[in-house]
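Quick one: the structure is below, questions incoming.
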Amino acid sequence: MDILATLNPAQREAVEAIAGPVLILAGPGSGKTRVIAHRVAYLVKLCGVNPHHIMAVTFTNKAAREMGERLGQLLGEAAEALTLGTFHAICARILRRDGKAIGLDSSFVIYDDEDQLILIKQALEELNLDPKQYAPRALHSAISAAKSRLISPEDYAQLGNSYFEEVVRRVYQRYRGLLSQGQAVDFDDLLMKAVQLFRDHPQILNKYQSRYVHILVDEFQDTNIVQYMLMKQMAGKYRNLCVVGDPDQSIYSWRFADLRNILSFEKDYPEAKVVLLAQNYRSTKTILEVASDIISANVQRKPKKLWTENEDGDSVTVIESYSAEEEAQSVVNEIEKLIGQGQVSLKDCAVMYRVNAQSRALEDTFMRYGVPYKLVGGTRFYQRREIKDIIAYLRLIHKPQDNVSLTRIINVPARGIGQRTLIQLKSRARAHDASFFEALKQASHNVIASQGCEPKARQEAQPSLPPRIARALAGFDALMANLIAQSRERSLSGLLDEILQHTRYREYILDKEDGEERWENIMELKSVASEYDELEPEEALSAFLEKVSLVSDIDELDEQANAVTLITLHKAKGLEFPIVFIVGLEEGILPYSKSFGDPEEMEEERRLCYVGITRAKKRLYLLRSYRRSLFGGSTANPPSRFLQDISPQLVSTRRLWQESLSSLVSACSQPSPLSSNTLTLKVGDHVRHSKFGRGIVMNCLPTRDDQELTVAFEEVGVKKLLASLAPLEKIEKDFDFPS
DNA sequence: CGAAAGGCTCTTTTT
DNA sequence: GAGCCTTTCG
């Protein structure tokens with residue numbers, strides 16, 4: 001196959017420019033991923049570069065996997081020798097191999113977000129700071145921001161002098177201490193420590209620089225300063241650094257992605273070749289124009305004109321509804337209409353929203369109408385409580401110094417070791433500069449010793465523990481000792497069984513809400529673990545732990561399943577669908593209210609909207625609703641400013657409610673098409689039920705061919721009924737509906 | 001010690 | 001409306 005034949009001139013230029021730095025500015029739908037894959041293939045097949053010398057970096061595991069598959073097709077076996085992965089995975093590999101030089105134990109554990117938060121809370125506690133006054137999340141964010149810019153606690157001291165900054169510095173310092181005590185690193189450390197390693201050990205840097213002759217970075221607009229430094233270091237020798245990105249699709253500044261990297265690139269590499277991929281292969285002309293109308297209102301932006309040879313396509317539909325429920329319903333109606341016309345199937349459709357909470361109204365409606373959907377997001381597999389519990393056991397077996405894991409599972413399932421005991425352990429650990437686990441060992445051991453012999457002179461000021469507690473601690477110690485011994489003998493899945501059996505985890509979990517489902521998750525985890533059974537037990541354990549810390553999604557988005565996709569705008573980046581609905585185009589939702597005070601954040605909201613619009617291939621629907629209840633309270637929001645930025649001739653608007661009736665019209669304003677044979681009721685109607693007596697309709701939700709009513713009866717209270725089945729008659733209003 | 005009950009806050013998300 | 005944290009009671 002000719003690697004260049006299928007490329008347009010700009011793409012071809014990007015592929016062929018193999019010597020020196022290259023900046024590829026790739027508009028949405030411009031074939032960016034293809035360009036990267038073909039560039040690698042070109043290097044290997046036509047330029048004779050050994051794949052061992054090529055590194056391609058992505059942001060997500062999914063992107064890395066897809067790139068791997070693509071290159072597997074293009075290169076076959078040779079693709080195996082490429083270095084392909086996320087920034088974090090690549091850094092973890094480097095640090096396991098060479099981190100000793102900066103005092104990092106090669107068996108370090110990697111703490112995720114939740115673990116980090118626990119550590120921050122612990123730091124606050126130790127510093128006697130009130131977590132209500134200093135929100136752990138905010139501190140975490142500030143610390144992460146510092147790390148993403150390579151700022152140490154020491155640097156921080158010189159940086160700012162507000163009181164909050166002083167608090168951040170102190171927490172940061174303590175947090176760092178706690179991490180190193182547990183021989184743990186957080187995600188930011190993976191990057192930061194790699195940069196430090198290279199900075200302080202030129203001979204190690206030289207090893208990597210010599211190996212990686214060609215480096216490619218995808219989604220460059222999402223890199224932060226540390227990531228940029230890292231690439232700069234690695235590419236320091238050959239300068240064959242190719243970065244691909246689109247400033248207009250930068251939507252992760254809140255994760256400290258820094259758009260200035262693109263500017264720095266042209267400054268640090270003045271010889272860089274800049275290639276613009278402006279031809280769009282995805283969307284209709286109309287959709288592209290709408291996108292352009294939206295994005296051109298951003299001030300901090302280099303204008304770039306995208307174009308397409310695709311057809312004009314239909315105009316964009318704006319639907320204005322009364323409530324989020326009605327909005328969801330019009331999405332369903334529209335999807336059914338499109339499917340009825342043929343040519344479109346469920347999996348071609350996606351509904352996108354700003355915040356996850358919006359998915360609820362959509363799910364309800366899809367469920368009621370029996371339209372299959374797949375929700376992207378929600379709690380991720382490795383974040384589920386039961387999974388994290390089991391992993392904490394594994395981690396503690398692997399590394400008894402891991403205080404966070406110990407804290408997590410010392411009393412899970414409950415074994416009589418409560419808050420007070422834990423505080424005791426913590427202070428003992430601090431006093432002896434030991435891990436919690438060592439403190440626990442010692443505490444339980446002391447008591448056992450003092451039971452046999454004469455009570456020794458108590459060398460510590462600490463009070464001895466009550467026997468009941470000591471027994472509980474000794475029990476836990478014995479449990480762990482046994483598991484640690486087993487871990488050297490048994491396969492990984494065998495070890496998992498041991499954990500489950502000795503902790504009686506099954507009984508524990510089946511007692512809880514959704515116990516069955518949670519147990520199945522654990523069985524799923526076991527089946528993942530059994531993939532490591534061939535390895536030596538200790539190697540299997542560390543490989544497995546590495547995988548679960550750096551991989552987030554086990555349950556892939558099932559692309560086969562014929563169902564509508566419900567997804568946040570953020571997650572939709574990189575995807576495309578023939579039919580796209582964006583819901584909640586209201587001030588306060590999109591743009592989100594938090595961005596009102598800050599023009600830069602507002603520009604990011606606009607980019608987010610742009611990302612959503614440019615996912616659409618054939619048809620785009622923009623929806624807004626007059627009222628919306630989010631987080632309890634209900635508000636009336638004006639239409640999104642983004643809607644006003646679209647040229648009117650590109651749009652056709654459908655209004656489903658009238659302002660004058662707005663207090664009465666709700667989801668019922670659009671009766672479902674098949675409901676004519678049943679009694680049609682609306683909110684506020686008075687009814688009589690043969691058994692329950694008189695009542696008022698509080699709510700009515702149309703389903704495919706019925707209505708689901710919520711009725712408040714005078715005598716028996718609130719009931720939910722189906723209009724077709726309930727013996728109801730409509731009666732005259734004889735008392736006032738309290739509104 | 002541990003279950004149960006009330007108060008508080010609320011983006012976006014990958015590693 | 002839900003999840004998390006603190007408080008309270010058995």
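Residue numbers begin at 1 in each chain, while the letters A, B, ... track the order of the sequences.
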Measure CD1/A:Ile410 against C1'/B:dC1 and give the value in whole Å, please. 14 Å

Atom CZ of A:Arg149 with >12 non-hydrogen neighbours under 6.0 angstrom: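 At most 12 heavy atoms, drawn from other residues, nucleotides or ligands, come within 6.0 Å of this atom.
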
Backbone of A:Tyr322 reached by a side-chain donor or acceptor of A:Glu327 within 3.5 Å: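 Pair absent, no side-chain N/O of A:Glu327 close to backbone of A:Tyr322.
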
Going 5' to 3' through nucleotides 1-10 of chain C, assign each nucleotide B (protein heavy atom under 4.0 Å from a base atom), S (under 4.0 Å only from sugar-phosphate atoms) or - (no protein heavy atom that close). BS--S-----

Take atom NZ of A:Lys573 and atom C1' of B:dT14, then tell me their distance rounded to the nearest Å.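 Value for this atom pair: 11 Å.
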
How would you list, by chain and number, every residue that makes a side chain to side chain donor-acceptor pair (under 3.5 Å) with A:Gln358, sequence neighbours excluded?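 Testing A:Gln358 for side chain to side chain donor-acceptor pair (under 3.5 Å), a comparison that skips the adjacent residues, returns none.
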
With sequence neighbours left out, write down each residue that passes side chain to side chain contact (heavy atoms under 4.5 Å, CB included) with A:Glu600, or none if nothing qualifies. A:Gln300, A:Asp598

Which nucleotide wins on minimum distance to the side chain of A:Thr421, given the candidates B:dT15, B:dT12, B:dC1?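 So the nucleotide nearest the side chain must be B:dC1.
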
Start with the C-alpha gap between A:Lys147 and A:Tyr172, add the side-chain angles, then the distance that decides, and say whether side chain to side chain contact (heavy atoms under 4.5 Å, CB included) holds. CA-CA 10 Å; A:Lys147 288 186 171 185; A:Tyr172 182 7; 3.4 Å; yes

What residues form a side chain to side chain donor-acceptor pair (under 3.5 Å) with A:Tyr508, not counting sequence neighbours? none

To the nearest angstrom, how far is A:Arg137 atom CZ from B:dC8 atom C1'? 15 Å

Position toward the 5' end of DNA chain B (nearest nucleotide), A:Val355 or A:Leu422: A:Leu422

I'd like a table of donor-acceptor pairs (distance under 3.5 Å, sequence neighbours excluded) in which one partner is a side-chain atom from residues 133-144 of chain A, with atom names and distances.
residue  : atom : partner  : partner atom : Å
A:His140 : NE2  : A:Gln116 : OE1          : 2.5
A:Ser144 : OG   : A:Asp188 : OD2          : 2.8

Side chain of A:His570: nearest nucleotide among B:dT15, B:dT13, B:dT11?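 Within the option list, the nearest is B:dT13.
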
Any side chain to side chain donor-acceptor pair (under 3.5 Å) involving residues 409-421 of chain A? Give me the pairs, sequence neighbours left out, ordered by first then second residue.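 Qualifying pairs, neighbours excluded: A:Tyr393-A:Arg415.
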
5'-to-3' dot-bracket of DNA chain B (Watson-Crick, G-U; under 3.5 angstrom; crossing pairs as [ ]; | other strand): ||||||||||.....

Applying side chain to side chain donor-acceptor pair (under 3.5 Å), can you list everything that pairs with A:Asn356, at least two apart in sequence or on another chain? none

In whole angstrom, what separates A:Leu117's CG from B:dT13's P? 17 Å

Which atom pairs link the protein and nucleotides 2-7 of chain B when you take only N or O atoms and keep those under 3.5 Å?
residue : atom : partner  : partner atom : Å
B:dG2   : OP1  : A:Gly416 : N            : 3.0
B:dG2   : OP2  : A:Asn411 : ND2          : 2.8

Would you mind classifying the nucleic acid contact of A:Ser629 as base, sugar-phosphate or nothing, using non-hydrogen atoms under 4.0 angstrom? nothing

Quick check: closest heavy atoms across A:Arg641 and A:Pro591, and the distance to 0.1 Å?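 Between these two residues, the closest heavy atoms are NE-CG, 3.8 Å.
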
Restricting to pairs with a member in residues 351-362 of chain A, which pass salt bridge (Lys or Arg N to Asp or Glu O under 4.0 Å), not counting sequence neighbours? A:Arg354-A:Glu605

Is there a side-chain contact between A:Asn356 and the phosphate of B:dC10, meaning an N or O under 4.0 Å from OP1 or OP2?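 For A:Asn356, the contact criterion (side-chain N or O under 4.0 Å from OP1 or OP2 of B:dC10) is not met.
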
Whole-Å distance between B:dT14 C1' and A:Phe381 CZ? 18 Å

Report the distance from atom CD1 of A:Ile567 to atom P of B:dT12, rounded to the nearest whole Å.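 Rounded to the whole Å, the gap is 14 Å.
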
Taking atom C1' of B:dT15 as reference, at what distance in whole Å does atom CG of A:Leu550 sit? 7 Å

Near-strand residues of residues 243-256 of chain A, defined as heavy-atom separation under 4.0 angstrom from DNA chain B: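 Listed by number, they are A:Tyr252, A:Trp254, A:Arg255.
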
Hey, does A:Asp222 reach any base, or is it just sugar-phosphate, or nothing, if we go heavy atoms under 4.0 Å? nothing

Whole angstrom value for the distance that separates C1' of B:dT13 from NZ of A:Lys571: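 From A:Lys571 NZ to B:dT13 C1': 7 Å.
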
B:dT13, OP1 or OP2 - any side-chain N/O from A:Thr568 closer than 4.0 Å?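 Affirmative; the distance criterion is met.
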
Measure the acute angle between the ring planes of A:Tyr208 and A:Tyr212, then classify it against the limits of 30° and 60° as parallel, tilted or perpendicular. parallel

Is the CZ atom of A:Arg385 crowded by more than 12 outside heavy atoms at less than 6.0 Å?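 12 or below, so no.
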
Can A:Lys132 and A:Asp130 be counted as an ion pair, charged N to O under 4.0 angstrom?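 No.
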
Under the side chain to side chain donor-acceptor pair (under 3.5 Å) test, which residues partner A:Asp222, sequence neighbours left out?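 A:Asp222 satisfies side chain to side chain donor-acceptor pair (under 3.5 Å) with A:Lys573 only.
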
